[in-house]
A.B. asks: 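To start, I am sharing the structure in question, which I have written as structure tokens.
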Amino acid sequence: MTLRDGVPTEAAQRHRELSERIDEGNYRYYVLDQPTLTDAEYDRMMRELRELEERHPQLVTPDSPTQKVGSPITTDFATVEHLERMQSLDNAMSEDELLAWDERVVKEVGEVAGYLCELKIDGLAIAVTYEKGRLVRGITRGDGRTGEDVTNNIRTIADIPSRLAGEGWPDVLEVRGEVFLPIEGFEQVNAAQVEAGKDPFANPRNAAAGSLRQKDPRVTAHRPLGMLVHGFGAWEGGTRPDSQSGAYELMRGWGLPVSDRYEVVGGLDAVRAYVERYGEHRHDPAYEIDGVVVKVDQFALQRRLGSTSRAPRWAIAWKYPPEEVNTKLLDIKVGVGRTGRVTPYGVMAPIQVAGSTVERATLHNASEVRRKGVLIGDTVVLRKAGDVIPEIVAPVTALRDGSEREFEMPEHCPECGTELAYEKEGDADIRCPNARLCPAQLRERLYFVASRNALDIEALGYVGATALTQPLEPSDPPVKNEGDLFHLTVERLLPIKSAVLDAKTGTAKTDPKTGEPKIVTFFANKEGEPKKTVEILFEELEKAKKQPLWRVLVALSIRHVGPAAAQDLARELRSMEAIQSATEEELAAVDGVGPTIAAAIRAWFEVDWHREIVDKWRDAGVRMEDEGAAGPRPLAGVSVVITGSLEGFSRDSATAAVQNLGGKVSGSVSKKTGFVVVGDNPGSKYDKAVKLGVPVLGEEGFRVLLADGPDAAKNVTLRADE
DNA sequence: GGGCCTCGAGATCC
DNA sequence: CTCGAGGCCC
């Protein structure tokens, strides 16, 4: 008898088998309302499982069915990492932009034989992972790197098989697709909502999003959600197809839902025809679409085109022109952002457009207001750009009656009264220069520190940031700037009183009876004890201290330093210390960092109270260097150009590999280039390397470069005649 | 920017 | 049960 942890393997195997069948039975019973086991069968299996566990207590794990009987199946929304990054798509809003995309593609890889056109469904992107053909996880898109685990809700979607059919599927397959509610299903669900005395949903997309975020999968199961595949992430094992359409057909064969409306066409004209056809027949599909996605079909070409920090270069989303409506511009107000920028925004009579009610829209800056020529009191044309962000297009001048008035940019900060100023001649944005003390900037910066793009501190939102930086009581705020965030104590939090803010407008609410402003103790309950949020806040702060350096950098609100630049800086310089002490030239030498960013960083560190923020965070234990900060950098000062497609690397992973060793990846070959790495289908860069006498590496040589450094790599270069 | 869900806290009902 | 706050989707 074979033993594992003292348990016979047959027993362990039987235990696994029973657990699986019981879990499946529970799921069908509780969630799908379609029991497949009789009560007797269920009881018998449960009894056998208990007996097994009595004999072998090692088998009792928290996820054993014996441990969770009676507890309903729920979705826990845990944050999990995607196997591969989920990128978004660049948009083309006009013929010109579509043409420009095509030209760039052709310039990089030559004429493209196949463009895959598909409908862009207005739903939510998800990643569904199959291991050995079994559905193991469903994750929302999230920020592209991590998303929320919605597996139990995904399992209720009829289109999504729990096991792959056929054979030949990879060991691990991460299917990407769009979850949506078909129009008919939407109407059905809304009828049911109204029947049940609940408000109907505003539009199918939001209804689908809400359905996926149900804690109880039984609710999700009653929403007729659909799904259509639009790609894949991880693909481990099995035979990899060589094109997008090839992948689709394989996946279709495995029982995955693939649209039959996609087409591979031969050139830009045919792409235009596809776009036009569905523009005219937009309502033919059973679901809402907001555009067309065009992809370079061949994977070899996709790899050569690579991606920018946010989107692949081998795909583009054509967006159909947005719906436009008229409404009244009631007022133009201004807000102050985290960098002091003063932004005018329009307040309009609420109006339905593209599935939601709109009453506010940013106007960006004073010259934008002038350029559009809108007056307060105008009837304006409104649309949602990309069907998301409301945009005032233009005034309807014919409807003016003379009562309209021009908007005037305030001369003083609406929150701190400081005189506003342009930083440089010709700036579009006017700013409040009082960065250190302006309450609006403090609040906005603190809110930003906690945001998903920066340190991602859950439990600290807009209202919390307001309460910490400008409480009604005490007069001495616990957070005078973001430096204080990690030195908070419960004692400082308890006395805080803050106004209740309207979620929509951010203005203080008043008690409808007395007319007095509503005031609450934000962190203490009635008894004066800490609310649950306090505990969560401190846990989140501890987590935030462990965030990677680039997130800390982003959180500092240095002008021009967003996630992309911060990651470049962190990768190359690896510690706050190094970034702080680098000269402007050294900063500008970082791949992805130009003179503007370099100057902004230097200027930021010149300011005493800025450096104090960093010091305070460091004292509190916030991470100030990335792992491997002291690691070897054998490629420091070496610039590498990668061309053609490599077998074992994606464009991104090859780039990351070079950068992690301190090297620089550049797009064009020059005399200063250290190495040119060529894969299959190398372009003109290979010829240029030969002409300039730059060492050329094949994939094997590239591996030598990464493993053994530049000197070793020089011995394995390809000769020009190879 | 707006719509949705969840959760905690407090009010309200019985 | 209702409301406020936060998070997440596009």
Side-chain angles (χ1 to χ4, degrees), chain A residues 74-77 79 86 88-89 91 120-126 139-144 146-150 153 178-181 189 193 198-216 219-220 223 288 290-291 317 319 322 335 345-348 350-362 382-392 447 450-453 456-467 498-506 509 511-512 518-527 529-537 540:
Chain A
T74 59
T75 305
D76 57 1
F77 302 127
T79 302
M86 275 178 99
S88 46
L89 295 175
N91 291 326
K120 187 174 190 308
I121 302 170
D122 194 12
L124 323 58
I126 52 151
I139 313 175
T140 62
R141 186 181 180 289
D143 62 5
T146 59
E148 280 186 320
D149 189 329
V150 289
N153 288 340
E178 197 81 359
V179 169
F180 57 90
L181 194 57
V189 165
Q193 287 283 108
K198 295 180 197 152
D199 288 344
F201 293 103
N203 59 62
R205 202 199 66 73
N206 281 321
S211 302
L212 262 203
R213 293 190 51 73
Q214 290 291 335
K215 184 129 207 221
D216 183 350
V219 180
T220 314
R223 307 270 167 83
E288 288 202 330
D290 55 358
K319 293 283 191 123
Y345 60 91
V347 180
M348 292 153 297
I351 178 114
Q352 283 280 125
V353 55
S356 59
T357 311
V358 169
E359 52 184 320
R360 317 161 77 73
T362 179
L382 181 79
R383 70 177 174 204
K384 287 214 271 169
D387 273 356
V388 180
I389 310 293
E391 176 191 22
I392 293 172
Y447 177 55
S451 76
R452 206 160 81 156
N453 283 327
D456 198 12
I457 302 168
E458 284 193 12
L460 178 55
Y462 192 80
V463 182
T466 311
S498 63
V500 177
L501 303 179
D502 185 277
K504 265 211 313 243
T505 60
K509 272 197 169 178
D511 189 306
K518 279 214 223 173
I519 295 169
V520 290
T521 55
F522 192 78
F523 294 102
N525 65 16
K526 281 257 147 162
E527 285 73 44
E529 290 151 352
K531 289 185 191 175
K532 180 114 179 164
T533 41
V534 174
E535 189 189 328
I536 299 172
L537 177 61
E540 285 289 324

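Labels below follow one simple rule: chain letters A, B, ... track the order of the sequence lines, proteins then strands, and each chain is numbered from 1.
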A.B. asks: With sugar-phosphate meaning primed atoms plus P, OP1 and OP2, does L124(A) contact a base, only sugar-phosphate, or nothing at under 4.0 Å between heavy atoms?
C.D. replies: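 Since only primed, P, OP1 and OP2 atoms lie under 4.0 Å of L124(A), the category is sugar-phosphate.
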A.B. asks: What nucleotide among dG3(B), dC8(C), dT6(B) has an atom nearest to a side-chain atom of N206(A)?
C.D. replies: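 Closest nucleotide among those given: dG3(B).
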A.B. asks: At 4.0 Å (heavy atoms only), tell me whether G147(A) reaches a base, stays on the sugar-phosphate, or touches nothing.
C.D. replies: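 Contact class for G147(A): none.
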A.B. asks: Taking only residues two or more places apart in sequence, or in another chain, which ones meet K384(A) in a salt bridge (charged side-chain N to carboxylate O under 4.0 Å, His left out)?
C.D. replies: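 Listed in chain order: nothing, the list is empty.
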A.B. asks: Take the protein atom CD1 of I536(A) and the nucleotide atom P of dT6(B), then report the distance between them rounded to whole Å.
C.D. replies: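 Going from CD1 in I536(A) over to P in dT6(B) covers 16 Å.
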A.B. asks: With respect to the side chain of D122(A), which nucleotide from dG2(B), dC8(C), dC10(C) is positioned closest?
C.D. replies: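 Within the option list, the nearest is dC10(C).
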A.B. asks: With no hydrogens and no angle check, is any side-chain donor or acceptor of T140(A) less than 3.5 Å from a backbone partner on E148(A)?
C.D. replies: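 Such a contact is found between T140(A) side chain and E148(A) backbone.
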A.B. asks: Is it true that a side-chain atom of N153(A) and a backbone atom of Q214(A) form a donor plus acceptor pair closer than 3.5 Å?
C.D. replies: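 Between the backbone of Q214(A) and the side chain of N153(A) there is a qualifying donor-acceptor contact (under 3.5 Å).
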A.B. asks: Once side-chain contact (heavy atoms from CB on, under 4.5 Å) is applied, do any residues pair with R141(A), and if so which ones, sequence neighbours excluded?
C.D. replies: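 Checked R141(A) against side-chain contact (heavy atoms from CB on, under 4.5 Å); matches are M86(A), S88(A), A125(A).
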A.B. asks: Within the structure, does a side-chain N or O atom of T357(A) lie under 4.0 Å from either OP1 or OP2 of dG2(B)?
C.D. replies: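 No, because none of the side-chain N or O atoms of T357(A) sits under 4.0 Å from OP1 or OP2 of dG2(B).
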A.B. asks: When you check the phosphate oxygens OP1 and OP2 of dA11(B), does a side-chain N or O of K526(A) lie under 4.0 Å from one of them?
C.D. replies: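 Yes.
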A.B. asks: So, for P350(A) and T357(A), which heavy atoms are closest and what is the spacing to 0.1 Å?
C.D. replies: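 Reported closest heavy-atom pair: CB-CG2, 3.8 Å.
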A.B. asks: Which nucleotide wins on minimum distance to the side chain of A125(A), given the candidates dA5(C), dC5(B), dC10(C)?
C.D. replies: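 Among dA5(C), dC5(B), dC10(C), the one nearest the side chain of A125(A) is dC10(C).
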A.B. asks: Kindly point out which of dG10(B), dG4(C), dC4(B) is positioned nearest to the side chain of K518(A)?
C.D. replies: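 When the side chain of K518(A) is considered, dG4(C) is the closest of dG10(B), dG4(C), dC4(B).
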A.B. asks: Give one of base, sugar-phosphate or nothing for K384(A), where a contact means two heavy atoms less than 4.0 Å apart.
C.D. replies: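 K384(A): no heavy atom of the nucleic acid under 4.0 Å.
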A.B. asks: For the side chain of R141(A), counting heavy atoms from C-beta on, which of dG2(B), dG7(C), dC10(C) is nearest?
C.D. replies: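 Ranking dG2(B), dG7(C), dC10(C) by closest atom to the R141(A) side chain puts dC10(C) first.
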A.B. asks: Please classify the nucleic acid contact of V388(A) as base, sugar-phosphate, or nothing, using heavy-atom distances under 4.0 Å.
C.D. replies: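 Base contact.
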A.B. asks: At less than 4.0 Å, is any side-chain N or O atom of K509(A) found next to OP1 or OP2 of dG4(C)? Yes or no.
C.D. replies: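 So the side chain of K509(A) is within the cut-off, an N or O lying under 4.0 Å from OP1 or OP2 of dG4(C).
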A.B. asks: Please check this pair: side chain of T220(A) against backbone of S211(A), looking for a donor-acceptor N/O pair closer than 3.5 Å.
C.D. replies: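 It does hold such a pair.
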A.B. asks: Within the distance-only criterion (no hydrogens, no angle test), does the side chain of E288(A) pair as donor or acceptor with the backbone N or O of D122(A) below 3.5 angstrom?
C.D. replies: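 No: the side chain of E288(A) does not pair with the backbone of D122(A).
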A.B. asks: Looking at dA5(C), dC8(C), dC10(C), which one has an atom nearest to any side-chain atom of E458(A)?
C.D. replies: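 Ranking dA5(C), dC8(C), dC10(C) by closest atom to the E458(A) side chain puts dC8(C) first.
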A.B. asks: Whole-Å distance between dG1(B) P and Y345(A) OH?
C.D. replies: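 Computing the Y345(A):OH to dG1(B):P distance gives 9 Å.
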A.B. asks: Q214(A) has a side chain; which of dT6(B), dG1(B), dA5(C) sits nearest to it?
C.D. replies: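 Of the candidates, dT6(B) comes closest.
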A.B. asks: So if I take every side-chain heavy atom of A202(A) and compare against dC4(B), dG1(B), dT6(B), which nucleotide ends up nearest?
C.D. replies: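 In terms of side-chain proximity for A202(A), the closest of dC4(B), dG1(B), dT6(B) is dC4(B).
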A.B. asks: With sugar-phosphate meaning primed atoms plus P, OP1 and OP2, does A208(A) contact a base, only sugar-phosphate, or nothing at under 4.0 Å between heavy atoms?
C.D. replies: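 Nothing, no heavy atom under 4.0 Å.
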A.B. asks: Answer with base, sugar-phosphate or nothing: what part of the nucleic acid does I457(A) contact at a heavy-atom distance below 4.0 Å?
C.D. replies: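 It contacts sugar-phosphate atoms only.
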A.B. asks: Whether R452(A) contacts dC9(C) is assessed here as follows: a side-chain N or O lying under 4.0 Å from the phosphate OP1 or OP2. Is that the case?
C.D. replies: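 Yes, within the criterion.
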A.B. asks: R360(A) has a side chain; which of dG1(B), dC5(B), dA9(B) sits nearest to it?
C.D. replies: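 Selected nucleotide: dG1(B).
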A.B. asks: Heavy atoms only, 4.0 Å cut-off, all strands: where does T533(A) land among base, sugar-phosphate and nothing?
C.D. replies: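 It contacts nothing in the nucleic acid.
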A.B. asks: Categorize A207(A) for me: base, sugar-phosphate, or nothing, with a 4.0 angstrom heavy-atom threshold over every strand shown.
C.D. replies: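 No contact at all - A207(A) keeps every heavy atom at 4.0 Å or more from the nucleic acid.
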A.B. asks: Among dC5(B), dA9(B), dG2(B), which nucleotide has an atom closest to any side-chain atom of K532(A)?
C.D. replies: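 Between dC5(B), dA9(B), dG2(B), the one nearest the side chain of K532(A) would be dA9(B).
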A.B. asks: In whole angstrom, give the distance that lies between atom CZ of F180(A) and atom C1' of dC10(C).
C.D. replies: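 After rounding, the gap between these two atoms is 16 Å.
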A.B. asks: Mapping K215(A) and T362(A) to their closest nucleotides on DNA chain B, which lands nearer the 5' end?
C.D. replies: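 The residue whose closest nucleotide sits nearer the 5' end is T362(A).
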A.B. asks: Would you indicate what S211(A) reaches in the nucleic acid, counting non-hydrogen atoms under 4.0 angstrom: base, sugar-phosphate, or nothing?
C.D. replies: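 Nothing: the residue S211(A), judged by heavy atoms under 4.0 Å, touches no strand.
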